[in-house]
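Here is how names work: the chains are called A, B, and so on, in the same order as the sequence lines, proteins then strands, and each is numbered from 1.
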Amino acid sequence: MIKALEFILRSTLDRLSAQAVQYLPSILASLIILLGAWLCAVCARWVVQRAFHGAGIDRFLRRSGLNAVAGGAFSLGATRLAAAACYWVILLAGILIALSTLNSTLLSRVTERVVMLLPKLVTAALIVLGGLWLGQYLSRSMLIWACNQRLKSAHNLAGLVRIAVIFLSAVVAADHLDFARGVFLSAFIICLGGLVLAISLSIGLGRHEILNWFYRREDQAEQAGGREWSLWNHL
Amino acid sequence: MSCWRQPTNSVGRRAWRPDRRTPMRESIPPETDIVIGIPSYNNARTIGHVVRAAAAGLQKYFPQFRSVIVNSDGGSTDGTREAALNASVEDAGLLFLPTPLFPVHRLSMPYHGIPGKGSAFRMIFQLARDMRARACALLDADLRSVTPEWIDMLLRPILFGHYDFVAPYYRRHKYDGTITNSIIYPLTRALYGSRVRQPIGGDFGVSLPLIKRYLARDDWETDVARYGIDIWMTTIALAEKFAVCQSFLGAKIHDAKDPSADLSAMLQQVVGSVFTLMREYERVWLQVRGSQDVDIFGFRFEVGLEPVPVNVPRMLGHFHQACQDLKDVWSLALLPDTLAEVLRLDRAAGESAAFHLPDELWAKIIYEFAVAHRERAVERGQLLRSLTPLYMARVASFVRETESVNSADVEEKIERLCISFEEMKPYLVELWTRNLEGGARHAQPSSAGIQSAGAGAPAARMEVKTHD
């Protein structure tokens, strides 16, 4: 009984040590690669920060207007954004290389998939970022226009524009990634169709009210200040 | 006496193209002494009067000069060009008009390029340069108060004096020309140190050297092509040290022009041009302190003016709404303290009778917008359009304060605003130069800047002389 137990334990330890001997170099190599990648990422982040500060990239973006074009997104710090992006790209590459040293079929397949997907992911991320910027820019333009036209729901209109643009960019990004393509596209078509239907119905059913409201407003303006104050008088 | 002609091919063909629809009776001389330019767009009702006044003015005051009246049209559909071509001076004898040595030629042609007053001016300038005109006068086509004397007043300082640029000096109703009174006059005066009262008046006299300078520039395709042209011309003349004077023209009464125009677009073009030129001429205006009078020609007199109705509650309503909607946009342009003051005013906007936007705060707002425009804190078009409600608040405040005062008191009030702009100029200089050095935008100016603003006040006041 004791001998049998001793045999089982010994065989188990032998098997573990054999496996350790087999995998330990790979694991050690992975850890070293990870460590190296982390060090590289930290160094790269530092270099990018110094280079951006030295070249005055933040100031350039502010003065050239790119900061404003990006809706103030760069005001968070283009330097910080670039340094963080550099850091994470190097770290991610290190992780992938480290995983590939383990010689596991599953891990290799995962790595391969990630590597293949990376360009698409980057493109999709750029599309979403572009959508976020465009949404902010257009919504701000809408907000200012609506306010100057004295529309009561300026904020709602601006929000609607922003959501529509961001949603559109999400649809395009999902389509690019082949991710739930049908769901996003159908949702987009349903929303667009619903919007058009709602506008058509509101114009069709409420045209009398719209006209009445318009004439009433004109009358009020006439009563309030005689003829409308000429814009030309401003100059 | 006048004759209708179309330009020959020998005269500036590259600069402008004659419209083939207009009959060509005879070629005009390749050279002339005077060009009168009248930009127009759907001004059939008034342009005939302007052309008649110009022709009579040329006959009466400059019979010894060769002259051309040019109507530069923006594609009118109401028969403006026909009205210009059919207008003629009747009863020359009753007007005591002398027989001129040369006929007054007249042209009417559409301009090409971006639709706007600036593009029309460009064509007139090109024509004047190619015809080697010694002087060019520009008249708005919507004027109802123009007289032959205007031609004399706009051209004589150039032809017989040493001046390059003649700005108009009108009597206007206290609520007419509010962009001029609230922003453009105080700002231009504080920046360049010259008291040109109507920098965007619309009617000017220009010498040939200045015309050549204008045409040599490459920014015609910007807001200059539209409403920005007037302040662009005045600013270049002031900043580049051309000899500038003013001529008293009496009352300015004009049709409501382009009523479909959007006020915020108009404000964007005019104020945007000032801010853009501030960047170009920063070396000039950063050195200027205080202001000097500019010569005014002509015998000044008081005139009756058409009242301009205003709707103050509507303006305050606009401002109130913007305080809710545009707070975030303004926070990118205004410094925190200034924004807080503006938002405090919003509470007062409810009681329109008591509403008051102080001169100093208004000057700070304009200066901070100028710096934000330079720095592109917000996209420039959005920034300038977001100024509209603040401008409305300022006009509402001005109207409330001047409801029961006469025109002399209104001028006094505008003078006080100008002095505030001049006193606050060190504040602008500090913001601007700190920005040049890459300083943080949203840091409040140091106390030194504020103190220097205060310290500069007596000096600025000493230099200020009231218009007589």
Side-chain angles (χ1 to χ4, degrees), chain A residues 53-75 77 133-134 136-159 162 217-235, chain B residues 142 172-173 175-180 182 184 200-202 227 230 254-267 270 307-315 317-318 321-322 324-326 328-329 332 374-383 385-386 388-389 391-392 395 435 438 441:
Chain A
H53 275 306
I57 298 292
D58 283 336
R59 199 169 49 197
F60 166 75
L61 287 170
R62 200 172 59 238
R63 289 200 180 163
S64 65
L66 289 171
N67 187 23
V69 167
F74 291 141
S75 60
W133 165 74
L134 192 65
Q136 171 157 354
Y137 178 83
L138 291 179
S139 73
R140 189 183 284 164
S141 293
M142 170 59 82
L143 180 69
I144 294 168
W145 175 83
C147 181
N148 283 337
Q149 294 300 316
R150 302 211 54 208
L151 300 179
K152 291 287 178 201
S153 47
H155 258 303
N156 295 341
L157 282 171
R162 176 181 289 199
R217 203 176 155 194
E218 288 282 300
D219 290 343
Q220 280 171 356
E222 283 284 322
Q223 286 162 8
R227 67 179 171 85
E228 193 66 22
W229 193 22
S230 161
L231 290 172
W232 193 243
N233 288 325
H234 283 277
L235 288 175
Chain B
D142 65 337
R172 301 176 80 167
H173 186 266
Y175 303 145
D176 190 8
T178 43
I179 291 182
T180 301
S182 310
I184 304 299
I200 54 173
Y227 285 117
D230 297 326
H254 51 88
D255 262 12
K257 192 173 182 178
D258 201 1
S260 61
D262 173 13
L263 170 63
S264 58
M266 187 187 289
L267 198 67
V270 178
V308 176
V310 291
N311 189 340
V312 173
R314 188 181 160 89
M315 292 181 208
H318 189 176
Q321 184 184 343
Q324 317 300 318
D325 292 338
L326 299 185
D328 295 338
V329 182
L332 298 170
R374 182 195 181 284
E375 197 182 337
R376 295 180 194 256
V378 190
E379 195 274 323
R380 284 178 175 155
Q382 294 177 340
L383 176 81
R385 282 171 185 267
S386 73
T388 310
Y391 162 73
M392 285 294 182
V395 175
N435 177 248
R441 157 125 186 86

Please give me the minimum heavy-atom distance between A/Asn148 and B/Arg385, naming the atom from each residue. ND2-O, 3.0 Å

Work out which heavy atom in B/Gln382 is nearest to a heavy atom in A/Tyr137; give both atom names and the distance. NE2-O, 3.1 Å

Do A/His155 and B/Gln324 have side chains that approach each other closer than 4.5 Å (heavy atoms only, starting at C-beta)? no

The single option from B/Val329, B/Thr388, B/Asp325 that satisfies side-chain contact (heavy atoms from CB on, under 4.5 Å) with A/Ile144 is B/Val329

For residues B/Arg314 and A/Arg150, report the shortest heavy-atom separation together with the two atoms involved. O-NH1, 3.3 Å

For A/Ala154 and B/Gln321, the nearest pair of non-hydrogen atoms, with its separation, is CB-NE2, 4.3 Å

